[in-house]
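Have a look at the structure below before the remarks.
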Amino acid sequence: MADLDEKHEHKANQAVVDDDLRRGSVFDNKDDLKRRLGNRQIQLIAVGGSIGTALFVSINAGLYHGGPGSLFIAYTLYSMMLGLINNCVAEMSTYMPVSGGFIRLAGRWVDDAFGFMAGWNFFFYEALLIPFEITALIQVLSYWRDDIPAAAVIAACIVLYALLNMLAVKAYGEAEFWLSGGKVLLIMILFSFTFITMVGGNPKHDAYGFRYWNNPGAFAEYRTTGALGRFEGFLAALWSASFTVVGPEYVSMVAAEAKRPRTYIKSAFKTMYVRFGIFFIGGALCVGIVVAHNDPTLVQILTGKAGGAGTAAASPYVIAMTNLGIVGLPSLVNALMITSIFSAGNTYTYCATRTLYGLALEGRAPRFLRYCTKGGVPIYCFCVVMCFPLLSFLQLSSGSNQVLTWLVNLITAGGVIDYIVMCITYICFYRACKAQGFDRKQLPYTGWFQPYCAYIGLGWMFFIVMTYGYSSFSPWDVSSFFTYYTMVIVAPILFVFWKVLKRTKFVGPHEVDLIWEAPVIDAYESTFDEEPRGFWKEMIQLVGLRKKAGGDHRTVVDEHS
């Protein structure tokens, strides 16, 4: 019966495409989302869409616990592993850039219950991060003054997120383009600061170089002493990396609303490797250069003996600026951090909305959530998501703020679970290609070293998600255990619940629908009459140095856009 349903659906998909071509119009998607994101917008979303305070502030914990050597090795190793997973999801999402991204691929190519678990895990992960980022924004503003009304900041954020996400997706893309540009500017400023000051370009004319790698040393002890303590310090730096280094999931989510996804999404995934290398690995290296892991200010902030945690004052870069007697620059860093935090919250709002929409399309969420406005915005999904920012009002009460922090900590494992989902989905996709004689070399992007990338990535992420809360075992701490492992427990429960309720079955390699929405996407791609625009060409056109022509014009006009 399932095979018959799949065959009927495939025929229906092809019938839609054939009918569109006869009528002289081709839809952007099989559903109601609109492909309005250009190359420059997608590239900046890929580069900085999900970078918040972690790379600039929270990285301080990894430095404090592990030391500069452990931090650099941990971020390098984790970035390499996430690069393997990026290689998997790039192949799938470039070929099948559907609404809901990797979570719908999981349901279609593995098991409907697996997609249900993946979708709701990712939805709560994204939605609960929105109030967290708003709270972080309030903390960063307190760097300048303590009397800024928190309620006003929360209300302003909610209104701005609503405006940017209620409009057509192009408004979100344009906002993220400029906000992510601010992140890139901030990172470049901090990298330049590191190099100039380490060679002596500072008020003290102190060419400190890699001094802090020698004294107090590259590897710090954490929890215990000796070799074991240094290893635990490395693990602490690794856990820091696991929640700082992200990215492939966000490109997968915007794929359904990208112009020319076969080209632009492919380019965005390739950009990820550069991002991992420059921003995350480079950031970990720079942090370990400018500040010692036992710096008095850093130690006092992280041990709670001094205020400023979560603000620019806790940033290793700002601590270094203060130590060197540099004034003015810390305020600029704080200002640019505000744009980074706001951008991250905006991205979480977008992804949570599209995730819920993807769940609704597959019947894993209420049907009414499928409704979209004429501009292609899933308005009811958006309304549900906008309930979550209201949780940031909890921070107006110190006691309630602890509840918010607890809630966010509960779902931090959700991000690692997403990567496990991507690896399993790719393995099933690869096996289906082999079983059905589907030539992967004909895909828009063919991942290298497959399927070994998927197996290595799966093993690595499973190790991370199962061990990152090991500190709760010695000494045993029930509260800490559930903080770390609640999502690890909830994910299998979600899977079993849907599998029992719907009696789903794992999709065998010969049963996987490798065609699905490919005809719709191919027909859409075929309507463009000129070569795709490159990123730098779009940037030149943006400032008016070249006539805006070519690249994204279609010979067939979508009458519903």
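If you're wondering where the values come from, they're calculated on a predicted model, not measured in any experiment.
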Can you see whether [X] engages [Y] through a side-chain donor-acceptor pair at a distance of less than 3.5 angstrom?
| X | Y | result |
| --- | --- | --- |
| Y419 | E249 | yes |
| S252 | S93 | yes |
| K183 | S343 | yes |

Where does the angle between the aromatic ring planes of [X] and [Y] fall among parallel (under 30°), tilted (30 to 60°) and perpendicular (over 60°)?
| X | Y | value |
| --- | --- | --- |
| Y273 | F276 | perpendicular |
| F123 | F388 | perpendicular |
| W109 | F429 | parallel |
| F495 | F114 | perpendicular |

Next on the checklist: Does the Lys NZ or Arg CZ of K259 fall within the cation-pi geometry relative to Y524 - under 6.0 Å from the ring centre and within 45° of the axis?
Outcome noted: no

Is there side-chain contact between [X] and [Y], with at least one heavy-atom pair below 4.5 Å?
| X | Y | result |
| --- | --- | --- |
| L82 | P248 | yes |
| Y430 | C88 | no |
| F132 | L128 | no |
| L137 | V153 | yes |
| V254 | Y250 | no |
| P378 | L356 | no |
| Y78 | T244 | no |
| C423 | I85 | yes |

Without swapping roles, check the side chain of [X] against the backbone of [Y] for a donor-acceptor pair under 3.5 Å.
| X | Y | result |
| --- | --- | --- |
| T446 | R440 | yes |
| W498 | G115 | no |
| E133 | A344 | no |
| K499 | T504 | yes |

State the [atom1]-[atom2] distance between [X] and [Y], to the nearest 0.5 angstrom.
| X | Y | atom1 | atom2 | answer |
| --- | --- | --- | --- | --- |
| M422 | L458 | CE | CG | 13.0 Å |
| I130 | T349 | CD1 | OG1 | 3.5 Å |
| S340 | F56 | OG | CZ | 4.5 Å |
| T347 | E126 | OG1 | CD | 8.5 Å |
| F116 | L359 | CZ | CG | 8.0 Å |
| D111 | C428 | CG | SG | 9.0 Å |

Item to check | Test log, rule ring-ring contact (aromatic ring centres under 6.0 Å, His included), inputs F102 and Y426 | outcome: CA-CA 10 Å; F102 71 94; Y426 182 83; over 10 Å; no

Checklist outcome for this item: Residues passing the ring-ring contact (aromatic ring centres under 6.0 Å, His included) test with Y380, sequence neighbours excluded, are F368, Y371

Checklist entry - Step by step, would you call D522 with R262 a side-chain contact (heavy atoms from CB on, under 4.5 Å)? => result CA-CA 9 Å; D522 290 337; R262 298 275 198 255; 2.6 Å; yes

Next on the checklist: Before you tell me yes or no, could you show the steps for R104 and E517 under salt bridge (charged side-chain N to carboxylate O under 4.0 Å, His left out), namely the whole-Å CA-CA distance, both residues' side-chain angles and the distance that decides it to 0.1 Å?
Outcome noted: CA-CA 12 Å; R104 286 187 73 200; E517 293 191 15; 3.8 Å; yes

On a heavy-atom basis, which atom in [X] and which in [Y] lie closest, and how many Å separate them?
| X | Y | answer |
| --- | --- | --- |
| V465 | A413 | CG2-CB, 4.2 Å |
| A432 | V512 | CB-CB, 3.6 Å |
| I427 | A454 | CG1-CB, 3.7 Å |
| R354 | G376 | NH2-O, 4.0 Å |
| A352 | A127 | CB-N, 4.1 Å |
| I42 | A258 | CD1-CB, 3.2 Å |

Item to check | Residue among F382, Y348, F342 satisfying ring pair (Phe, Tyr, Trp, His ring centres under 6.0 Å) with Y161 | outcome: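 Only one of F382, Y348, F342 forms a ring pair (Phe, Tyr, Trp, His ring centres under 6.0 Å) with Y161, namely F342.
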
Between [Y] and [X], does any NZ, NE, NH1 or NH2 come within less than 4.0 Å of an OD or OE carboxylate oxygen?
| X | Y | result |
| --- | --- | --- |
| K502 | D112 | no |
| R35 | E525 | no |
| R36 | E257 | no |

Checklist entry - Would Y95 and Q442 count as a side chain to side chain donor-acceptor pair (under 3.5 Å) if you check the C-alpha gap in whole Å, the side-chain angles of each, and the deciding distance to 0.1 Å? => result CA-CA 10 Å; Y95 170 59; Q442 302 302 315; over 6 Å; no

Checklist entry - Above 12 or not: heavy atoms from other molecules or residues under 6.0 Å from NZ of K270? => result no

Item to check | Other residues, nucleotides, ligands: >12 heavy atoms within 6.0 Å of R370 CZ | outcome: yes

Checklist entry - Is there a salt bridge (charged side-chain N to carboxylate O under 4.0 Å, His left out) between E362 and R108 once you walk through the steps? => result CA-CA 9 Å; E362 297 291 348; R108 288 282 181 150; 3.2 Å; yes

Checklist entry - Under the side-chain contact (heavy atoms from CB on, under 4.5 Å) criterion, do N121 and D418 qualify, and how do the steps go? => result CA-CA 8 Å; N121 172 78; D418 293 330; 2.9 Å; yes

Next on the checklist: Suppose we screen for side chain to side chain donor-acceptor pair (under 3.5 Å). Which residues come up paired with T271, at least two apart in sequence or across chains?
Outcome noted: Q43

Next on the checklist: Quick one, I187 with L55, criterion side-chain contact (heavy atoms from CB on, under 4.5 Å). Give me CA distance, side-chain angles, the key distance, then yes/no.
Outcome noted: CA-CA 9 Å; I187 292 171; L55 188 61; 4.0 Å; yes

Item to check | Intermediate values then yes/no, side-chain contact (heavy atoms from CB on, under 4.5 Å), N346 and N165 | outcome: CA-CA 8 Å; N346 192 37; N165 285 273; 3.0 Å; yes

